[in-house]
A.B. asks: 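One structure follows; several queries about it will come next.
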Amino acid sequence: MSELRDLYQEVILDHSKRPRNFRVIDDASHSAKGHNPLCGDRLSLTLKVEDDRIADAAFQGDGCAISKASASIMTDAIKGHSVAEARQLFGTMHDMLTGKGEVELPEEFDKLAVFGGVRDYPVRVKCATLPWHTMVAALDGAAQPAKTE
Ligand code: ZN
């Protein structure tokens with residue numbers, strides 16, 4: 001188990017040092033900003049949704065290793081999936097991070113399991129969930145102009 005933990009830490013460290021999708025989508029269809037005052041994490045998420053599918057996802061921002069790694073892995077994970085699948089994944093991640101029993105991650109999303117250990121650190125849970133909350137805010141805000149909060 002501790003070896004697994006080490007591996008998970010390595011993945012998180014790698015994604016926080018070299019975040020994937022760290023950019024702005026110029027012709028984004030959805031966007032939202034997220035802020036976790038508890039830790040000071042800030043991120044700005046842009047999505048390009050085409051035919052109800054997330055064609056592209058990117059983020060920029062500044063925050064702790066957990067929040068950056070979570071945004072990096074999330075943007076990778078949701079790309080190519082439908083909006084409904086992304087929303088469902090938010091629910092799964094939320095349950096996993098807040099420790100609501102055992103959570104079964106679909107095989108294609110097994111990378112997200114690296115955040116399973118975060119629930120043991122309640123202060124860090126919001127860092128990991130921030131990108132997911134921001135994604136839902138972006139998807140919900142489609143009909144309105146992007147808000148800054
Ligand atoms: Zn944080």
A.B. asks: Suppose we screen for side-chain contact (heavy atoms from CB on, under 4.5 Å). Which residues come up paired with Asp62, at least two apart in sequence or across chains?
C.D. replies: Lys68
A.B. asks: Atom CD of residue position Glu108 - does it have more than 12 heavy atoms of other residues, nucleotides or ligands inside 6.0 Å?
C.D. replies: yes
A.B. asks: Could you tell me whether the side chain of Ser72 and the main chain of Arg20 form a donor-acceptor pair under 3.5 Å?
C.D. replies: yes
A.B. asks: Looking at CD1 of Ile66 and OG of Ser16, how far apart are the two atoms once the value is rounded to the nearest 0.5 Å?
C.D. replies: 8.5 Å
A.B. asks: Sort and list the pairs that fulfil ring-ring contact (aromatic ring centres under 6.0 Å, His included) and have at least one residue in residues 62-93, not counting sequence neighbours.
C.D. replies: His81-Phe109, Phe90-His94, Phe90-His133
A.B. asks: Say you draw a straight line from CG of Leu45 to CE of Met74; how long is it, rounded to the nearest 0.5 Å?
C.D. replies: 4.5 Å
A.B. asks: Strictly below 4.0 Å, N to O, side chains only: are Arg124 and Asp41 in salt-bridge contact?
C.D. replies: no
A.B. asks: Within this structure, what is the NZ-CD1 distance for the pair Lys48 and Ile25, rounded to the nearest 0.5 Å?
C.D. replies: 8.0 Å
A.B. asks: Going from NE2 on His30 to CG on Asp140, what distance comes out if it is rounded to the nearest 0.5 angstrom?
C.D. replies: 9.0 Å
A.B. asks: Got a sec: does the OH of Tyr121 have more than 12 other heavy atoms crowding it under 6.0 Å?
C.D. replies: no
A.B. asks: Can you tell me how far the CG atom of Asp56 sits from the OG1 atom of Thr75, to the nearest 0.5 Å?
C.D. replies: 9.0 Å
A.B. asks: Count the heavy atoms of every other residue, nucleotide or ligand shown that sit under 6.0 Å from NZ of Lys79, and state whether that count exceeds 12.
C.D. replies: yes
A.B. asks: Would you say Ser70's side chain and Pro131's backbone share a donor-acceptor pair under 3.5 angstrom?
C.D. replies: no
A.B. asks: My understanding is that only residues two or more places apart in sequence, or in another chain, count here; which of them pass side-chain hydrogen bond (donor to acceptor under 3.5 Å, both in side chains) with Thr134?
C.D. replies: none
